Amino acid sequence: MPGSIYDELQERGFIAQVTHEAEVRDYLSQPGATFYIGFDPTADSLHVGHFVQMMAMAHLQRAGHRPIALIGGGTGMIGDPSDRTEMRKIMSLETIRHNVTKFESQMGMLLDFTDGRALMVDNAEWLAPLNYIEFIREIGSQFSVNRMLAAEAYKQRLERGLTFLEFNYMLLQAYDFLELYRRYDCQLQIGGDDQWSNIIAGADLIRRKERGQAWGMTLTLLTNSAGEKMGKTVGGAVWLDPKKFKPYDFYQYWRNIDDADVIRCLKLLTFLPLAEIREYEHLEGEKLNPVKELLAFELTKTIHGESIAQEVNLTAKAIFSGAGAADRMPEFTMPSAARQAPLLELLTETGIIPSRSEGRRLIAQGGLYINNQPVESVDYIISDSDLVDNAVIVRRGKKKYYRLFFTEG
RNA sequence: GGGGGAAUACCCAAGUGGCCAAAGGGGGCAGACUGUAAAUCUGUUGUCGCAGACUUCGGUGGUUCGAAUCCACCUUCCCCCA
């Protein structure tokens with residue numbers, strides 16, 4: 001059937017692997033299917049990596065299916081060993097609980113949780129009360145260590161060391177699937193591509209314990225054309241929380257994306273119709289700039305809201321295509337007397353520059369500007385003639401603008 | 001429990017008594033080129049008023065005129081044997 005949600009996902013590039021394509025396709029062909037994706041509460045915000053998965057959920061929900069966002073309040077206490085070189089640090093219950101609440105509100109951005117159209121459950125609910133003996137008798141007996149060891153996820157860790165705690169992760173995740181199958185008739189688990197073995201384990205478990213049908217599907221990890229994970233910056237991940245990652249920086253992150261990645265990101269991260277995206281596919285070079293803007297705008301809009309998206313869009317426009325935009329940049333206010341001090345001092349105080357040495361280097365290399373005039377001297381002091389409306393505009397490098405405002409008195 | 005190895009700046013990684021603020025690479029920052037991209041090239045990358053000085057090489061104490069480098073103890077991590 002043309003225009004099926006499965007095809008949509010596939011064409012958008014979400015699907016990495018599927019256990020049983022025909023069955024899954026069939027399962028999703030009629031509204032009302034239930035599926036789940038798990039999220040481990042390892043941080044107090046979701047990031048763009050999670051966002052891809054949320055998008056997949058949103059697409060499916062729009063097609064009439066019921067997503068379950070499974071929060072790993074229980075498994076989060078263990079840490080998934082796959083694709084990791086080190087053991088995750090064990091988090092306190094309190095931290096986990098805090099993170100879970102954050103996740104909940106962020107999920108609401110894309111998913112409709114009203115009237116049970118989507119569910120959010122915490123696996124601590126059934127994992128925490130588990131009895132060890134019962135668990136290994138009922139569930140542990142179904143797993144072959146030989147097979148587990150063969151899983152790609154453990155290969156690397158076998159060489160570097162793997163604790164028994166982590167080794168259990170797969171069982172717990174499989175048990176989650178079983179539990180969701182029992183409780184909500186959930187027959188499909190979706191996850192990141194690194195979750196493949198864990199997902200299969202769950203589907204197998206359901207088959208054995210319940211003789212039920214269950215399938216798995218993994219989503220492509222968001223990588224750039226060089227195959228590196230996207231959504232990482234020097235400062236860390238690209239968070240969805242505006243407090244952890246400023247909306248302007250967020251916008252700029254996508255605005256400055258590599259040419260080769262624009263289309264893929266449009267497909268994965270926005271709801272723009274495929275037909276429209278196809279129009280952009282043949283564009284090259286400079287012509288891609290408006291497309292990048294579109295991507296940045298759309299994405300900022302879904303995450304931070306339309307008005308903020310408008311605002312940062314204007315800010316960017318003002319900074320890059322005009323000289324002005326004095327009212328749209330980070331601002332620091334200080335008493336007028338502070339102007340006696342060398343500029344460098346003010347900049348380190350405000351944190352615009354981390355240290356004087358760095359500031360000196362900046363100036364020496366011609367990377368610091370006052371009102372778009374390069375600062376020539378290391379001990380430059382702001383003069384009256386620099387002031388425009390009691391403020392000066394400091395530019396660092398090509399793109400970073402700040403406004404220093406001096407109050408009277 | 002026994003034996004061996006490792007810990008260096010943001011990361012990887014040289015350095016094994018003075019020539020070490022510490023090679024090299026990555027990353028970052030800035031400049032050139034551009035399209036607010038990529039690639040490339042150049043410079044720069046501990047702090048402090050540049051020169052110079054000061055604090056850095058897991059921690060503490062010691063040897064020495066002088067230690068990242070030698071000694072002792074401690075902490076952490078890895079490997080082998082049990």
Side-chain angles (χ1 to χ4, degrees), chain A residues 84-90 156-163 166 223-238 246-266 280-297 299-300 309 312-325 328-330 340-349 351-370 372-381 394-402:
Chain A
R84 280 171 194 283
T85 48
E86 280 168 44
M87 189 171 141
R88 185 183 290 164
K89 124 179 166 253
I90 296 178
Q156 201 191 356
R157 293 302 304 273
L158 276 178
E159 287 172 18
R160 298 174 153 250
L162 174 71
T163 62
E166 296 171 286
T223 53
N224 62 21
S225 49
E228 298 154 335
K229 263 190 200 174
M230 288 188 67
K232 298 248 170 180
T233 66
V234 211
V238 176
K246 295 261 175 294
Y248 174 77
D249 295 330
F250 184 85
Y251 179 92
Q252 283 297 308
Y253 179 87
W254 300 105
R255 172 59 186 82
N256 284 324
I257 195 172
D258 194 297
D259 285 7
D261 301 324
V262 192
I263 298 298
R264 184 168 57 251
C265 286
L266 277 178
Y280 306 135
E281 240 163 318
H282 64 277
L283 296 177
E284 282 181 5
E286 218 173 323
K287 297 213 173 86
L288 277 172
N289 278 338
V291 185
K292 292 185 184 179
E293 270 169 48
L294 181 66
L295 169 69
F297 181 79
L299 198 41
T300 309
V312 293
N313 177 262
L314 285 176
T315 305
K317 281 243 166 59
I319 287 176
F320 289 102
S321 48
R328 295 187 180 280
M329 52 187 75
Q340 314 282 343
L343 175 64
L344 261 190
E345 197 139 324
L346 303 184
L347 296 185
T348 46
E349 236 164 70
I352 293 174
I353 286 170
S355 74
R356 286 150 170 274
S357 301
E358 192 137 326
R360 210 170 287 118
R361 266 175 240 135
L362 242 194
I363 292 176
Q365 304 192 102
L368 187 69
Y369 308 77
I370 289 287
N372 281 321
Q373 292 296 315
V375 175
E376 317 246 319
S377 155
V378 167
D379 33 42
Y380 187 80
I381 294 176
V394 176
R395 172 153 72 97
R396 190 190 154 177
K398 244 173 273 190
K399 304 180 193 172
K400 289 171 218 116
Y401 288 78
Y402 308 89

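To find a chain, count down the sequence lines: A is the first, B the second, and so on, and within it residues start at 1. What you see is a predicted model, and the numbers here were worked out from it, not measured in a lab. Atoms considered below: every heavy atom in the structure, side chains included; atoms not considered: hydrogens, waters and symmetry mates.
- Scored by the salt bridge (Lys or Arg N to Asp or Glu O under 4.0 Å) test, A/Glu349 finds no partners at all (sequence neighbours excluded).
- Atom pair A/Leu295:CG and B/U36:P shows a separation of 17 Å (rounding to whole Å applied).
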What does the list of N/O pairs under 3.5 Å between the protein and nucleotides 31-35 of chain B look like, with a distance for each?
unit_1: B/G31; atom_1: OP1; unit_2: A/Tyr369; atom_2: OH; d: 3.1
unit_1: B/C33; atom_1: N4; unit_2: A/Lys398; atom_2: NZ; d: 3.2
unit_1: B/U34; atom_1: O4; unit_2: A/Lys398; atom_2: NZ; d: 3.4
unit_1: B/G35; atom_1: O6; unit_2: A/Asp259; atom_2: OD2; d: 3.0
unit_1: B/G35; atom_1: N1; unit_2: A/Asp259; atom_2: OD1; d: 3.1
unit_1: B/G35; atom_1: N1; unit_2: A/Asp259; atom_2: OD2; d: 2.7
unit_1: B/G35; atom_1: N1; unit_2: A/Gly285; atom_2: O; d: 3.4
unit_1: B/G35; atom_1: N2; unit_2: A/Asp259; atom_2: OD1; d: 2.8
unit_1: B/G35; atom_1: N2; unit_2: A/Asn289; atom_2: OD1; d: 3.2
unit_1: B/G35; atom_1: N2; unit_2: A/Lys292; atom_2: NZ; d: 2.8
unit_1: B/G35; atom_1: N3; unit_2: A/Asn289; atom_2: OD1; d: 3.4

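- With P as the reference atom, B/A67 and B/G18 are 11 Å apart, rounded to whole Å.
- Remark: the backbone N or O of A/Val262 is not paired with any side-chain donor or acceptor of A/Lys292 at under 3.5 angstrom.
- In plain terms, the two heavy atoms of A/Leu344 and A/Gly359 that are nearest each other are CD2-CA, 3.6 Å.
- Applying the salt bridge (Lys or Arg N to Asp or Glu O under 4.0 Å) test to A/Arg361 and every residue at least two apart in sequence or in another chain returns A/Glu358.
- Rounded to whole angstrom, the span from the OH atom of A/Tyr248 across to the C1' atom of B/U36 amounts to 8 Å.
- Applying the side-chain hydrogen bond (donor to acceptor under 3.5 Å, both in side chains) test to A/Arg396 and every residue at least two apart in sequence or in another chain returns nothing.
- Counting non-hydrogen atoms under 4.0 angstrom, A/Asp258 reaches the backbone sugars and phosphates but no base.
- With sequence neighbours left out, the salt bridge (Lys or Arg N to Asp or Glu O under 4.0 Å) criterion links A/Glu281 to A/Lys267.
- Contacts of A/Glu345 classified as side-chain hydrogen bond (donor to acceptor under 3.5 Å, both in side chains), with partners at least two apart in sequence or in another chain: A/Arg356.
- Partners of A/Tyr248 under the side-chain hydrogen bond (donor to acceptor under 3.5 Å, both in side chains) rule, at least two apart in sequence or in another chain, do not exist in this structure.
- Taking the P atoms as reference points, B/C73 lies 27 Å from B/A82, given to the whole Å.
- Using a 4.5 Å heavy-atom threshold, the side chains of A/Val394 and A/Ile370 count as touching.
- Rounded to a whole angstrom, the distance from the P atom of B/C77 to that of B/A32 is 49 Å.
- Judged as a salt bridge (Lys or Arg N to Asp or Glu O under 4.0 Å), and not counting sequence neighbours, A/Arg395 has no contacts.
- A 3.5 Å limit on both hydrogen-bonding distances identifies B/G43 as the Watson-Crick or G-U partner of B/C29.
- The base-pairing partner of B/A23, taking Watson-Crick or G-U wobble contacts with both distances under 3.5 Å, does not exist among the strands shown.
- One can place CD1 of A/Ile353 at 14 Å from P of B/C29, the figure rounded to the nearest angstrom.
- Here the separation of B/U69 from B/C57, taken at their P atoms, is 9 Å to the nearest Å.
- The same atom, P, is picked in B/G49 and in B/C54; the two are 15 Å apart, to the nearest Å.
- Atom name C1', nucleotides B/G31 and B/A21: the rounded distance is 25 Å, in whole Å.
- Set against B/A30, B/C48, B/U44, the side chain of A/Arg361 has B/U44 as its closest nucleotide.
- Nucleotide B/G49 forms no Watson-Crick or G-U wobble pair with any nucleotide shown, as no partner meets the under 3.5 Å limit on both distances.
- With P as the reference atom, B/A72 and B/A22 are 30 Å apart, rounded to whole Å.
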So which protein N/O to nucleotides 49-51 of chain B N/O distances come out below 3.5 Å?
unit_1: B/G49; atom_1: OP2; unit_2: A/Arg356; atom_2: NE; d: 3.2
unit_1: B/G49; atom_1: OP2; unit_2: A/Arg356; atom_2: NH1; d: 2.8
unit_1: B/C50; atom_1: OP1; unit_2: A/Arg360; atom_2: NH1; d: 3.3

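- B/C78 sits 23 Å from B/A9 when the C1' atoms are compared, rounded to a whole Å.
- Under 4.0 angstrom from either OP1 or OP2 of B/U36 there lies no side-chain N or O belonging to A/Lys317.
- When both pairing distances are held under 3.5 Å, B/G1 makes a Watson-Crick or G-U pair with B/C81.
- Remark: B/A72 base-pairs with B/U60. Criterion, Watson-Crick or G-U wobble with two distances under 3.5 Å.
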